[in-house]
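Worksheet: the structure to be examined is printed underneath.
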Amino acid sequence: MRNSSLLSAFTMLGNYLTTGMRAVLRHKTHLALNLLGLTVGLASALLILLYVSYERGFDKMHPNAATTYRLEQFFIPMNQRFPVSSPAMKDLLQNYDDRIQVTRINTGAPALRLAGSSQQLTLEWPQSVEANITDFFHIDVLQGDLATALTQPNQIALSEREALRLFGNSTAVGQQIQLAEQRYTVSAIYRLPEQSHFQAGSLRRISDEVANSGLAMNNVYSYVALPADLNQQALLQQLTRQLNEQAYGDQKISELQLRALTDIHLRSNLAYEVKVNGSAGTVNICLLLAALLLLIAAINFINMSTARAAMRAKEVGVRKALGASRSQLFVQFMLESVLIASCAGLLAAVLVELVLPQFNLLVNRPLQLEYLGSFGWILLGSTLSVGLLAGVYPAVFISAFDAKKVLSGDFQRGNTAIWLRKGLLVLQGAITIGLLVGTVVLQQQLHLLQNQPTGYDRQARLMVNGIANEQLFWAENQSLLQSLQQLPGVEAVSKMDMQFTNTISQAGQLQVPGQTELSMVSEIGAGFDIVQAAGLTLLAGRDFSEQYQSDKYQHDAEQLSAAVIITESLAKRTGYASVQDAVGQQWLMPGPNPLQLTVVGVVADVQIGSALKQQEPLMFICGRSAMNYGNIILNLTPALAAATREKVQQLLSERLQRQDLDISWLDDDYTAMYQNQRRQSKVIAIFAALAIALTCIGLFGLAAFSAEQRSREVAMRKILGAGRFNLVNLLASEYIRLMAISAVLAIPATFWALDSWLAAFSARINQSPLWYLLAAAVTFAICWCTVALLAWQVAGRKPAMVLRQQ
């Protein structure tokens, strides 16, 4: 009995599929339009969801990722958050609760020499770590013993890529390298996952000197594994209080914060990150685009299915008269929808295979198609979702036809389906207008960011980054910079202990005569001629100059002293009526070794980092730096810039004995800051174009059916003297009215969404009403052209032939 029921069910399912395939193939134009729309929509959504899945999967492979956090600090005077903390925080954490596990990572390494070579190299992302690093991060050991490298002195582990770079092969276990005065043995080769914010070219044991640093020294990344029942808020409040009491004299300088390990990649975006982060904003926009593309594809299917419902009315009437139930007919039409969606899914997978290499270049990710993995689930889920979403209303609508009315000729199409089609067309039009305006706003904002005044000149400026300060700031002579100055094509050269495209990481207390309160001010160590070399805008006073040796930081005298150049906003903040009044003033940086500062110049405000951050008052201190590494900035003659760069690289390679100098154009560094915004702009522009194309496909199919239905009316009007152009406008006018409603709905919603997005920028464009009018006009034009193309053909038929066919 049971076998008989199963056989009957399978037979019925086979009949449904057979009937569905016949019905689908009967209307080939309808099928082609549906397949085209669903294929493009699904392929686009699959690419986007594949990217989103990859971005959201960062760091989830690590042990105990769900309960692991990074300890971060928000420095109140600088109004900035940093991912580093003090090594001494480990004791405070474990004294609070001994169940808390902590691992510390310190970045940096001395210059490297290989055996038999006098040339210096730099390790890429060298990390000194604690032995329990493997409890926090997944590390694949390919060769050797990683535990030896993490516990024994003078042992080091290299990543597979670093071993290949240094030794030409990845079998480097047992090789020797020289770091400063110590010789290290390579004891292991490892590989880190690509989908991790943490990267390390090498791993070695953290030094006792770093591990035992005081609370005021912030030089490690601290990762903590917290018990599930721990009150994180209470922990942070107590530790913040202890930190400020013990390290900063009970001043409110730092506020400790925690960031979940799995949130770092998308939501951190701080200076001094180990790897360039992604963007939660980009991911959210991509998810929205995927939903919109699938929605538009589904709308097209619904509209064309309900519009052609009358053609299947007799089929429904006959089948109901023969005993078919509404539920059976519903299943029949749902199967047809899923069948079309499945075919579109297969075609979409082929399309994704073809365009994936180009898409990977666009998003800069190594996305792969795993049909038995995440991509397979995304493909299956998207296909079924679209098939069910697009098919459910047509199935309900068509299966509800009354058999008696249909077979007696008294059938009339309901107003519900007509209003639904109109409502969905309005929604499509609103989406199109929103995407058009969004694309323009993104492009305009990106253009503003890349071309806004920064207070420094980016043209023909060459940066030489990551030079040890033993050879730069802490050296007692200027011979290196003087040699560079003498090269043909070098107009000015100076040094800085940070980059304009990074984040200021130093601040000092400032005591100004006449003011009782101390204020924290961001500071940058700089060299002679910094104004000329960096193209700063001098408003008053002068540049640092070798002619005034007292400008340079004097640390051997009884009273420490240095010259400073301040920004305009700092001059105003310290109470001077004009920038000229600040020149010559004597300020003090108090502390165990007070530093006397003499203001020698005032420059226009400087934008440090991207425009996502506010400009802040700052000062350039001549010759003083507490950083381990510095940078050289050169102002080159534009016509000779390329040739001069080669001479600079050659001279520095010889003088510093280095072959892997980090040399870049300042303009390129500035452009690279906005890679996430550029990626957003490109992705939105491409998929906005696809969304518009899908809308056109839907309009084309709907207009073709509408024009065919009204062909008799058109023929009668033509006989009565209506012109061809008038007939075209008659057929297109209904759709133009719907697009006008779309514009009314889209404009305020789009303005609000874009205004919220722009609020995150310190420099932002003002939205122009013209953009919205142009977007609406373009949408009207697309709609009119699509409908008019078909209407022109219908209006061109001979009335006699049309009326005879009716």
Side-chain angles (χ1 to χ4, degrees), residues 10 12-50 290-309 311-312 315 329-356 359 369-399 424 428 687 690-691 693-702 704-705:
F10 280 117
M12 183 178 295
L13 181 62
N15 290 335
Y16 284 159
L17 289 173
T18 302
T19 306
M21 291 182 66
R22 288 174 180 171
V24 165
L25 294 173
R26 191 177 302 127
H27 305 288
K28 293 183 175 59
T29 303
H30 178 112
L31 174 63
L33 289 173
N34 273 332
L35 278 178
L36 179 60
L38 288 174
T39 298
V40 173
L42 277 170
S44 304
L46 286 171
L47 285 171
I48 293 173
L49 293 174
L50 193 62
L292 290 178
L293 287 165
L294 289 176
L295 180 62
I296 291 173
I299 287 172
N300 289 345
F301 186 93
I302 293 169
N303 281 345
M304 284 189 276
S305 297
T306 54
R308 294 179 176 273
M311 295 183 176
R312 305 197 65 179
E315 174 192 342
L329 291 171
F330 175 82
V331 172
Q332 168 68 52
F333 294 123
M334 284 299 296
L335 276 175
E336 290 179 18
S337 173
V338 172
L339 182 63
I340 294 174
S342 299
C343 294
L346 292 175
L347 294 173
V350 174
L351 189 56
V352 169
E353 289 273 10
L354 294 175
V355 302
L356 187 62
F359 186 73
L369 302 184
E370 300 176 1
Y371 288 96
L372 298 179
S374 59
F375 178 73
W377 287 110
I378 293 173
L379 175 61
L380 181 63
S382 300
T383 301
L384 289 178
S385 297
V386 169
L388 296 173
L389 173 66
V392 65
Y393 181 78
V396 170
F397 176 70
I398 299 173
S399 64
L424 293 177
Q428 279 185 313
F687 290 107
L690 288 173
L694 286 175
T695 300
C696 289
I697 291 171
L699 264 176
F700 183 86
L702 204 57
F705 174 77

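Predicted model only: the values in this text are computed from it and were never measured.
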Can you list, pair by pair, the side-chain donor-acceptor contacts under 3.5 Å of residues 38-48, counting residues two or more places apart and other chains?
residue : atom : partner : partner atom : Å
Thr39   : OG1  : Leu35   : O            : 2.6
Ser44   : OG   : Val40   : O            : 2.8

**OP:** Using the test ring pair (Phe, Tyr, Trp, His ring centres under 6.0 Å), find all partners of Phe375 that sit at least two apart in sequence or belong to another chain.
**Re:**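 Partners of Phe375 under the ring pair (Phe, Tyr, Trp, His ring centres under 6.0 Å) test: Tyr371.
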**OP:** Measure the spacing between CG of Leu50 and OG of Ser382 and express it to the nearest 0.5 Å.
**Re:**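 Output value for this atom pair is 10.5 Å.
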Subject >> Ile340 CD1 to Thr383 OG1 distance, which is reported to the nearest 0.5 Å >> reply: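 The CD1 atom of Ile340 sits 13.5 Å away from the OG1 atom of Thr383.
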**OP:** Might you point out which heavy atoms bring Gly37 and Ala297 nearest each other, and give the distance in Å?
**Re:**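 Minimum heavy-atom separation between Gly37 and Ala297: O-CB, 3.8 Å.
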Original post:
Is there side-chain contact between Leu294 and Ser385, with heavy atoms separated by less than 4.5 Å?
Top reply: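 Of all side-chain heavy-atom pairs linking Ser385 with Leu294, none is under 4.5 Å.
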Original post:
If you draw a 6.0 Å radius around CG in Leu354, do more than 12 non-hydrogen atoms from other residues or ligands fall strictly inside?
Top reply: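 Result for CG/Leu354: enclosed.
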Subject >> With Glu370 via side chain to side chain donor-acceptor pair (under 3.5 Å) - residues at least two apart >> reply: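 If we apply the side chain to side chain donor-acceptor pair (under 3.5 Å) test to Glu370, skipping adjacent residues, there are no hits.
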